[in-house]
Structure formats: C-alpha cells, structure tokens
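Shown next, in structure tokens, is the structure this report addresses.
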Amino acid sequence: MPINPKRSRAVFRKLEQDLAKLSSKPHAGNVHRLRTGTRRLQILLGELSPQRDRSQKKLLKLLGRLRKRAGKLRDTDVQLAALRSLKIPREPRRKTQLINDLIELRGRQEDKLRKSLDKNTVREIRKRLKRASRDFNPEASGDPLAVAAGMLERIHHENGAMTEELLHQYRILSKRARYAAEFANRSAEATRFIAGLKRIQDALGDWHDWLALTKTAGEHLGEVRESSLVAELHNVTGAKFRHAVAVLGQIRVKPASPSKDTDQAPVRTPVKATLPVIPAA
C-alpha cells in the first residue's frame with residue numbers, strides 16, 4: 001500500500017516553515033521540530049522512495065549537516081531540562097555550576113547554528129524542497145508499515161545481555177520505524193503499531209538523555225567518588241536503562257510470507273514482516 005499523499009505533502013510544507021522559524025529564532029521548540037522534520041523527509045526520500053535524483057540527494061546532504069548542528073543544541077537543551085528536574089539536596093553549588101556550564105555551551109552552539117543558517121544556505125534548501133515536493137510521486141512509494149517492520153527486523157539479535165551500544169541501536173531504528181509507519185493510511189492496526197513504537201521511543205530517548213547528562217557531569221565534576229551529584233546521576237541513568245530494556249521487551253517481530261503481488265513498485269527496503277505485537281501499557 002503506498003503512502004498517504006497528504007502526509008507526504010505536509011512534510012515538505014512543515015519543514016520549509018520550520019526552517020524559516022529556526023533561522024529567525026533557534027529556541028528549543030523550533031530546533032526540535034526541524035530535526036524531526038528532517039528525519040521524516042530522510043525516511044520519505046531514503047526508505048520509502050524507489051530512487052532519488054541528484055537534487056534530492058543534495059537536499060538530504062544539506063539538511064543532514066543542519067540537523068547535526070541543531071542536534072548538538074537540542075542535546076544541551078534536554079540535558080538542562082533533566083538536570084533542573086533533579087531534586088537532590090546534595091552539592092547544590094555543583095549543580096548550579098553544571099547548569100551554568102551547559103547554558104554557556106548552549107550559547108556557543110546557538111551561535112554556530114545561526115552561522116550555518118546563512119541566507120544562501122536557507123535559500124538553496126527551500127528551492128530544493130519545493131522541487132522535491134513537486135517531483136515526489138506517492139504512488140511509487142513502498143508500503144510504510146512493511147518498511148517500518150523491516151527496519152525493526154534489522155535489530156534482532158541472539159539472546160544475551162543488553163548493552164548500552166545495542167540499546168542505542170534500538171533507539172535509532174525504532175525511531176526511524178515510527179516515522180516510516182506514520183506515512184501509512186489510518187487504520188486500527190497502524191494506530192496500535194505507532195503507539196507501541198512511541199512508547200518504546202519515549203523510554204529509550206529518556207534513558208539516552210540522562211546518559212548524556214551523566215557523561216557531561218562526569219567530565220565537568222569528576223567521577224562517582226568525587227561527586228555525590230554524579231553518583232546520583234548514575235543511579236538515575238541505571239534505573240532509566242532498566243526501564244527502557246523492560247519496555248523494549250514488549251515488542252515482537254516475526255517474518256511474514258513474501259507478497260505475491262508483482263505489480264507493486266520496488267521498495268528500497270524490501271523486507272516484509274508482520275507488525276509487532278505490543279501489549280497495552
């Protein structure tokens with residue numbers, strides 16, 4: 001089943017709007033929307049489309065650079081939010097020191113992001129966005145749910161201990177699978193699938209945010225023996241890790257029989273799979 005045409009058109013339109021907002025004021029909400037919009041476009045053109053032309057490849061390259069720059073700013077924002085939410089009586093001065101360090105870091109990152117959003121770059125991205133929107137053919141795309149399920153199959157592994165590196169891979173691919181699935185037409189099956197992926201994405205994203213903060217605190221304040229604040233962050237991150245692993249254990253993907261329909265357009269990721277069975281929260 002091809003993608004929903006309205007949703008594909010909305011990605012181009014919203015991304016252009018978010019680019020304009022970010023170039024005028026790179027606050028946290030604008031940064032986040034640009035990053036998610038860029039990822040959705042990468043899924044649309046990179047995973048759901050049978051091929052990309054030179055202009056689309058150049059567009060994705062430009063947006064990829066901008067997303068990485070915005071990502072550094074976004075990571076600092078979520079670390080600040082997490083640190084401010086941590087209510088512990090110990091080492092208030094060190095907590096304040098770390099907050100101030102992150103605020104200074106955010107200022108430098110915002111300056112770099114502003115410089116990367118020069119008029120020529122923004123003009124070129126908008127021009128290529130309009131061209132890609134005009135040339136994109138939803139009827140030639142792959143089945144969003146099948147592509148999403150295929151992404152999840154890539155992260156299957158033998159039974160064993162879960163590591164931070166493996167959990168990070170799950171975080172990235174489950175996020176990409178959700179963005180792909182959101183291009184599908186509305187159905188009860190798609191709604192359940194996307195809701196399950198969002199639960200997983202939220203749990204793994206929360207763990208990753210606290211992990212990043214813990215590493216930053218260790219770099220600025222020393223390790224566990226040197227700071228009770230760092231020790232507490234390690235405890236919080238450990239609990240977030242265990243919760244993420246538990247949530248991730250709810251997802252199951254099983255291979256399905258290959259489709260016999262030979263008239264469908266080719267898909268960049270041709271894996272066919274049933275949707276995960278995700279118990280209700």
Side-chain angles (χ1 to χ4, degrees), residues 14-42 61-122 125-126 164 167-168 171-172 175 179 201-224 226-237 239-241 244:
K14 290 180 179 179
L15 186 53
E16 186 174 0
Q17 293 172 351
D18 292 336
L19 181 65
K21 292 177 181 178
L22 185 65
S23 60
S24 63
K25 188 175 182 181
H27 65 66
N30 290 340
V31 172
H32 178 62
R33 282 190 292 273
L34 179 82
R35 293 182 70 221
T36 56
T38 299
R39 286 196 180 102
R40 285 187 169 93
L41 187 64
Q42 288 173 330
K61 187 175 182 179
L62 289 169
L63 288 173
R65 291 174 182 170
L66 189 59
R67 182 181 62 80
K68 289 181 181 179
R69 180 68 67 189
K72 293 181 180 180
L73 184 56
R74 171 67 177 172
D75 289 344
T76 303
D77 283 335
V78 296
Q79 289 183 57
L80 274 168
L83 183 58
R84 285 167 171 158
S85 72
L86 186 66
K87 307 299 182 183
I88 58 171
R90 298 185 296 276
E91 297 190 333
R93 290 184 179 179
R94 284 197 165 191
K95 179 180 176 181
T96 301
Q97 174 191 338
L98 184 55
I99 288 175
N100 290 335
D101 288 345
L102 286 172
I103 290 174
E104 290 180 6
L105 175 61
R106 191 193 188 284
R108 295 193 297 271
Q109 291 170 338
E110 183 175 324
D111 288 341
K112 291 180 179 179
L113 179 59
R114 287 183 184 276
K115 290 179 181 179
S116 66
L117 286 165
D118 61 274
K119 292 182 178 180
N120 291 335
T121 299
V122 172
I125 291 175
R126 294 184 66 181
E164 289 185 355
L167 199 64
H168 179 67
R171 185 180 71 87
I172 296 298
K175 181 188 300 184
Y179 291 154
Q201 182 184 343
D202 288 346
L204 271 61
D206 189 34
W207 159 74
H208 186 263
D209 293 343
W210 283 92
L211 176 66
L213 174 59
T214 301
K215 290 181 177 179
T216 299
E219 293 170 358
H220 285 250
L221 305 178
E223 293 304 319
V224 173
E226 303 174 68
S227 169
S228 59
L229 174 58
V230 174
E232 180 62 23
L233 287 171
H234 274 281
N235 291 336
V236 173
T237 302
K240 299 289 184 180
F241 178 89

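Along the sequence shown, the residues carry numbers beginning at 1.
- Note on Glu110 versus Arg114: salt bridge recorded, some NZ/NE/NH1/NH2 to OD/OE distance being below 4.0 Å.
- Between Ala82 and Trp210, the shortest heavy-atom distance links the atoms O-CH2, 3.3 Å.
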Worksheet item: Can you list the steps and then say if Lys68 with Lys72 is a side-chain contact (heavy atoms from CB on, under 4.5 Å)?
Response: CA-CA 7 Å; Lys68 289 181 181 179; Lys72 293 181 180 180; 5.9 Å; no
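- Taking CG of Leu63 as the start and CG of Leu34 as the end, the distance is 7.5 Å to the nearest 0.5 Å.
- A distance of 10.5 Å separates CG in Leu98 from CD in Glu219, rounded to the nearest 0.5 Å.
- Looking at Lys95, its side chain does come within 3.5 Å of a backbone N or O of Leu86 through a donor-acceptor pair.
- Taking 4.5 Å as the limit, every side-chain heavy atom of Thr38 sits out of range of all side-chain heavy atoms of Leu66.
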Discussion item. Run Val31 and Leu113 through side-chain contact (heavy atoms from CB on, under 4.5 Å) and show every step you take.
Written reply: CA-CA 10 Å; Val31 172; Leu113 179 59; 4.3 Å; yes
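- Between the OG1 atom of Thr76 and the CG atom of Leu105 there is a distance of 4.0 Å, given to the nearest 0.5 Å.
- Between Asp209 and Leu213 the shortest side-chain heavy-atom distance does not fall below 4.5 Å.
- One finds the CD atom of Glu232 at 9.5 Å from the OG1 atom of Thr237 (value rounded to the nearest 0.5 Å).
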Item to complete: Show your working on side-chain contact (heavy atoms from CB on, under 4.5 Å) between Asn100 and Gln97 and close with a plain yes or no.
Response: CA-CA 5 Å; Asn100 290 335; Gln97 174 191 338; 5.8 Å; no
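- One distance of note links CG of Leu102 with CZ of Arg84; it measures 8.5 Å at 0.5 Å rounding.
- Atom CG of Asp206 sits about 12.0 Å away from atom CD of Gln201, to the nearest 0.5 Å.
- Between Arg67 and Gln42, the closest side-chain pair of non-hydrogen atoms falls below 4.5 Å.
- The nearest pair of heavy atoms linking Ala244 to Ala203 is CB-O, 3.9 Å.
- Shortest non-hydrogen contact noted between Leu117 and Val122 is O-CG2, 3.8 Å.
- The residue from Asp111, Asp77, Asp75, Asp101 that alone fulfils the salt bridge (charged side-chain N to carboxylate O under 4.0 Å, His left out) condition with Arg106 is Asp77.
- At least one side-chain heavy atom of Val230 sits less than 4.5 Å from a side-chain heavy atom of His234.
- Panel note: side chain Arg94, backbone Leu221; a donor-acceptor pair is recorded below 3.5 Å.
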